[in-house]
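Treat the numbers as computed from the prediction; the structure is a model and nothing was measured. Order of the sequence lines sets the chain letters (A, B, ...), proteins ahead of strands, with each chain counted from 1. Every heavy atom of this structure was used, including side-chain atoms; hydrogens, water molecules and symmetry mates were not.
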Amino acid sequence: MYAKVIVDVPAKQTNRAFDYSVPEALRDWVAVGSRVSVPFGPRKLQGFVVELDDRSVMDPAKVKPIAEILDLSPPLTPDLVQLAHWISQTYLCHEITALQAMIPGALKAKYERHVRVKDDSMGQERPMSGLSGNAVGQHSFLLPAQQEIIRYVAAKGSVEIEALLQRFNSEGKLIKELMAEGYLQEVQMVKDRMTAKKALTVFPPDDPEQLRAWAEQLPSRSAKQKEVLELLAERPVPVKLTDLLNELSISAGTVKSLVEKGWLELREVEVLRDPYSHRSFQRTVPLSLMPEQEQVFQRISRPVMDREHRVFLLHGVTGSGKTEVYLQSIQTCLDQGREAIVLVPEISLTPQMVERFKGRFGDQVAVMHSRLSHGERYDEWRKIMQKQVRVVIGARSAIFAPFTQIGLIIIDEEHESSYKQEESPKYHARDVAIARASQHDAVVVLGSATPSLESMYGTLPEYKAEAAAREDSSQARFRSEQLDLFGASTEAGHPAADNNSQARLTGRRVPFELLTMHNRVEGRPLPRVHIIDMREELRQGNRSMFSRDLYKAIEDRLHKKEQTVLLLNRRGYSTFVMCRTCGYVAECPHCDISLTYHQSSRAIRCHYCGYAERELTVCPSCSSEHIRHFGTGTQRVEEELTKLFPGIRVIRMDVDTTTEKGSHEKWLTLFRNRQADLLLGTQMVAKGLDFPHVTLVGAIAADTVLNLPDFRAAERTFQLLTQVAGRAGRHELPGEVYVQTYAPEHYSIISASRHDYQSFMEKEMTLRKFHEYPPFHRLILITLSHEQVPLLMRTAELLASRIKELAKELQPMPVEVLGPVASPISRIKDRYRFQCMIKYRGEASISRLVHQAVAGFEELERQQKLTISVDVDPQVLM
DNA sequence: AGCACGCCGACT
DNA sequence: GTCGGCGTGCTC
């Protein structure tokens with residue numbers, strides 16, 4: 001038997017499967033998805049089995065055996081292995097990178113290089129194995145220091161090379177000699193970073209009657225020991241030592257003496273850490289649904305029951321009760337004996353959200369988010385592996401939960417940009433979810449109050465027509481796209497092993513079905529939104545950051561003891577620092593960006609690289625003292641608030657106040673308990689929060705996002721305002737929203753103020769189409785960065801022309817290569833940045849072409865420390 | 001990624 | 001004449 005293995009080296013030349021033989025002893029263990037240790041050149045590497053085969057497809061003389069299997073059961077399912085291949089093709093990354101992203105960090109291989117004394121079975125000349133003083137004595141040609149090293153290593157069995165060099169740090173050369181001459185031998189080990197947590201566990205004997213007999217034997221002064229025996233006789237199951245001690249309030253000594261008598265056994269047993277074990281969750285029952293919810297629920301649950309792959313876009317206004325629909329749909333899925341994945345943006349993975357799911361499904365739920373420790377995350381993942389849970393709620397990467405029977409995947413707040421991973425593999429969880437669902441014939445629900453244009457596009461007749469027209473050719477073409485990107489392998493990918501699994505990724509997309517919920521639960525009205533023209537305020541002589549109306553509103557809430565949420569999408573104190581005499585602006589010496597003043601630390605700092613220096617009192621350029629802080633950040637608003645409203649209790653939430661673990665939660669709890677009057681923050685306060693006493697929401701500068709050089713600026717502004725407006729008046733008290741802006745006539749702001757998604761979407765669609773932007777056209781952004789501009793420019797030009805050249809062969813397909821030009825932020829951390837934009841219409845093979853072009857530069861990247869990053873814009877893939 | 005093999009400059 | 005620079009290629 002032979003296995004195809006992807007090895008743990010993310011490089012162009014190793015981005016293919018290597019063949020290994022499966023030793024007899026491992027035959028029952030090695031499966032598609034197994035993590036193995038394999039010899040690779042002179043060393044050992046971790047790898048993933050992606051295919052099993054009865055005959056070798058390559059030169060049998062070269063094939064080596066798999067050295068070791070690293071897990072008891074494969075950490076990846078066959079469908080995940082196939083999905084990894086799809087991801088590597090779609091998002092242009094090495095296959096190992098995609099595979100690696102699917103398992104918890106705890107299982108990432110750690111390579112340890114150890115040395116040990118060579119046990120030379122035939123080498124009588126060097127009988128070092130049973131190292132006696134005598135044996136060392138025979139080698140009088142070894143220096144005393146060398147003999148000492150050998151003795152040290154022999155005593156320890158094996159020593160990590162780094163540790164040995166540290167211990168004998170002046171003798172590095174001698175160690176090398178010993179290794180070269182074969183006295184010491186290097187051994188490679190592939191190890192996990194994490195081991196399962198163990199707990200001492202007490203094991204009673206098989207026969208509980210025996211315990212009673214022993215209990216009788218005990219003298220009366222051993223009452224505690226007797227208690228233990230009686231308890232175990234009553235309940236003859238293994239019990240954690242700590243639990244036992246707590247339960248009977250006894251000390252470990254009591255148990256120890258029983259163990260010493262040989263009556264009980266104490267062993268270490270793996271346990272799972274449960275980050276939520278200390279919390280009890282109030283069980284909830286399904287609520288009765290509103291007619292609209294009921295209708296949507298029916299639409300979703302029917303295909304779940306019929307095991308049909310469908311994608312629904314659920315557009316539900318804030319407060320329309322989407323979560324209850326999710327919960328009941330999941331129940332339907334579980335009733336089918338299948339599993340469900342729920343993705344939520346990291347930021348809204350708050351205890352409230354977890355509570356709702358735990359409350360409904362109890363310990364059937366695993367939770368995955370970045371605030372968990374390495375070990376906790378590993379344990380949650382193992383719960384899935386061991387089939388202890390059937391629902392996963394988590395951020396982006398939870399889409400890779402190793403379930404085998406997925407029936408439903410829900411993506412809440414589907415428009416959130418955090419579903420796109422910034423590092424390689426730069427996947428978008430929405431697209432991966434649809435791909436994974438198609439493997440399982442599962443249903444996808446994309447939920448949002450402000451669906452992304454991409455997802456909306458999927459519901460349009462235009463998309464359906466395009467998809468239908470493409471159907472035949474795309475099927476055929478996709479199959480050919482499964483070929484190895486680099487042309488290195490002649491075999492067609494690895495069609496993921498077992499052909500009887502339903503897994504088959506065609507890459508073809510079904511049209512999305514739009515579901516709408518217009519009404520809020522219990523018919524609460526949406527809050528009234530006032531747009532405030534800040535230019536008018538200025539004309540009226542108000543130069544403060546608060547309009548008169550917003551000021552009055554805040555004052556009013558303070559009187560009424562109601563709460564306020566203020567949004568400002570900018571942290572720090574001011575945006576930039578300028579000398580009014582000469583116009584000097586403080587800039588980061590490492591990045592092409594101005595420095596932001598931070599009041600608390602009296603420093604100016606760079607939000608890109610963290611560079612900081614002391615605040616300016618004198619202009620470094622002209623020595624003038626007329627330094628002024630321009631623009632407004634959260635810190636400044638906080639300062640202003642305490643000045644204007646003496647005694648006001650403000651909570652400020654931004655990256656600066658929430659880096660500490662658990663601080664996010666802490667602030668929100670404080671606010672919920674009404675220990676503050678006003679919550680001020682960046683976009684993190686806009687999402688998913690639900691506080692009954694908030695009746696006022698203010699956006700201090702609604703157009704900060706609008707002015708960014710991004711074709712999605714209007715969409716993001718609309719989303720942000722809609723989200724933040726949804727924070728007000730969610731309960732009995734009616735809400736009110738103030739939006740301050742310098743662009744009051746902008747359609748994104750007007751539509752948001754009218755809660756009118758439809759008209760915003762239509763307008764934006766028209767504009768996107770006209771300007772040839774997504775979702776009508778697709779974009780791939782290639783960013784190159786390097787310390788030196790000339791090399792950077794040369795390479796960028798070369799890459800652009802290479803892409804053009806390759807694109808020519810695809811004529812008459814319209815592919816535009818824009819650039820190269822300097823990136824909007826032309827330097828970050830001392831590295832200059834250039835970019836190239838590829839624009840084209842629905843043709844998935846372009847990404848492959850770009851990858852091909854980029855792959856040609858990998859050598860250069862390695863040698864010159866040049867980086868090329870490729871971002872496939874989130875898109876509706878067909 | 002590592003590591004070996006291989007072809008051209010300053011040195012015992 | 002050699003030691004050593006890192007350019008090119010391979011790893012089942």
Trainee: Please name all residues satisfying side chain to side chain donor-acceptor pair (under 3.5 Å) with A:Asp592, sequence neighbours left out, ordered by chain then number.
Mentor: A:Ser826
Trainee: By side chain to side chain donor-acceptor pair (under 3.5 Å), which residues pair with A:His786, not counting sequence neighbours?
Mentor: none
Trainee: Does A:Lys62 make a side-chain N or O approach to OP1 or OP2 of C:dT11 shorter than 4.0 Å?
Mentor: yes
Trainee: With sequence neighbours left out, what residues match A:Thr77 under side chain to side chain donor-acceptor pair (under 3.5 Å)?
Mentor: A:Asp79
Trainee: Rounding to an integer number of Å, can you tell me how far A:Asn15 CG sits from C:dT11 P?
Mentor: 16 Å
Trainee: Over how many whole Å does the gap from A:Lys12 atom NZ to C:dT11 atom P extend?
Mentor: 15 Å
Trainee: Please write out each protein N/O paired with an N/O of nucleotides 1-4 of chain B under 3.5 Å, distance rounded to 0.1 Å.
Mentor:
unit_1, atom_1, unit_2, atom_2, d
B:dA1, N3, A:Arg43, NH2, 2.8
B:dG2, OP1, A:Arg43, NH1, 3.1

Trainee: For residues 790-803 of chain A, pull every pair meeting salt bridge (Lys or Arg N to Asp or Glu O under 4.0 Å), keeping only residues two or more places apart or in separate chains.
Mentor: A:Arg802-A:Glu805
Trainee: So is A:Arg43 actually on top of A:Phe40's ring, under 6.0 Å and inside 45° of the axis?
Mentor: no
Trainee: How many Å lie between OH on A:Tyr20 and P on C:dT11, as a whole number?
Mentor: 10 Å
Trainee: What residues, two or more places apart in sequence or in another chain, satisfy side chain to side chain donor-acceptor pair (under 3.5 Å) together with A:Lys44?
Mentor: none
